[in-house]
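Reviewing the structure listed below.
What you see is a predicted model, and the numbers here were worked out from it, not measured in a lab.
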Amino acid sequence: SGKLRCIGSIQHLKSKYGKGYVLEIKLKEVAAEEQKDLYNAVLQMFPHAEHQERLASHMLFKIPMEDVKSLAQSFSMLEEAKQQFDIKEYSFSQATLEQVFIECVKEQEQDNAGMALNTNFQWKRFE
């Protein structure tokens, strides 16, 4: 319903409008109990993490910026979790520019959800 125009480098836009990081975890083995334990461990590392997706051996979380004190500390905790759980690989990255754009659109749609168009007409007679 309009145009979006942003001025700045990709990194600037991701830093300014991005709401955090994306943590993607791929497991070697798929055990339901281990996935639950890993989920709890992620919440201990990042208390406000949002679980986005869970497939057989794949877990995806959105991590808010305020949960990341330092990247070095975050990677250190993730490396410990990699050793403790059967993690094949993980990725911890800033949201992509596409993900930032999608989040902006979602926020706009939520803002507009409460706005209903008034379709009632009132006729006035002109003399």
Side-chain angles (χ1 to χ4, degrees):
S1 69
K3 291 183 179 181
L4 175 66
R5 188 175 294 188
C6 295
I7 299 174
S9 68
I10 291 173
Q11 184 59 48
H12 169 75
L13 295 172
K14 289 189 328 183
S15 296
K16 184 171 182 174
Y17 298 106
K19 298 223 181 339
Y21 297 91
V22 176
L23 172 60
E24 186 175 358
I25 299 173
K26 292 181 184 174
L27 299 168
K28 294 177 187 173
E29 299 287 325
V30 182
E33 189 63 33
E34 186 169 323
Q35 277 191 345
K36 185 178 176 184
D37 292 342
L38 177 57
Y39 172 78
N40 290 329
V42 169
L43 288 180
Q44 284 181 339
M45 288 185 266
F46 309 106
H48 300 99
E50 292 180 29
H51 193 218
Q52 297 295 301
E53 185 178 300
R54 177 169 48 191
L55 300 172
S57 62
H58 181 259
M59 298 174 83
L60 186 71
F61 296 88
K62 278 190 351 188
I63 311 295
M65 291 257 191
E66 60 267 11
D67 279 0
V68 180
K69 305 300 182 235
S70 78
L71 287 176
Q73 183 182 18
S74 297
F75 278 105
S76 177
M77 291 186 299
L78 287 167
E79 281 298 316
E80 287 176 23
K82 185 177 180 180
Q83 301 306 317
Q84 183 179 356
F85 300 98
D86 215 9
I87 296 176
K88 181 178 182 179
E89 59 186 25
Y90 68 87
S91 167
F92 189 72
S93 60
Q94 273 189 316
T96 65
L97 193 55
E98 179 182 10
Q99 290 166 328
V100 170
F101 174 75
I102 289 170
E103 287 297 318
C104 287
V105 170
K106 282 182 186 177
E107 284 180 12
Q108 182 67 42
E109 286 178 349
Q110 288 173 351
D111 289 346
N112 290 341
M115 296 174 49
L117 293 176
N118 185 353
T119 57
N120 296 330
F121 292 102
Q122 293 183 354
W123 295 94
K124 290 186 179 182
R125 182 175 230 180
F126 289 104
E127 294 183 28

With a 4.5 Å cut-off on side-chain heavy-atom distances among I, L, V, M, F, W and Y, is there a chain of contacts connecting [X] to [Y]?
X     : Y     : result
Val22 : Phe75 : no
Val68 : Leu43 : yes
Phe46 : Leu71 : yes

Flag the pair Tyr90 / Phe85 as yes when their ring centroid distance falls below 6.0 Å, and as no otherwise. no

Atom pair [atom1] ([X]) and [atom2] ([Y]), whose distance is rounded to the nearest 0.5 Å:
X     : Y     : atom1 : atom2 : result
Glu89 : Lys28 : CD    : NZ    : 10.5 Å
Ser91 : Lys26 : OG    : NZ    : 8.5 Å
Leu78 : Gln73 : CG    : CD    : 10.5 Å

Can you find a heavy atom in the side chain of [X] that is under 4.5 Å from one in the side chain of [Y]?
X     : Y     : answer
Ile25 : Phe61 : yes
Gln44 : Met77 : no
Asp67 : Pro47 : yes
Leu60 : Leu23 : no

Looking at every heavy atom in both [X] and [Y], which two are closest together, and how far apart are they?
X     : Y     : result
Lys88 : Lys82 : O-CE, 3.9 Å
Ile63 : Ala49 : CD1-CB, 3.5 Å
Met59 : Gln35 : CE-O, 3.8 Å

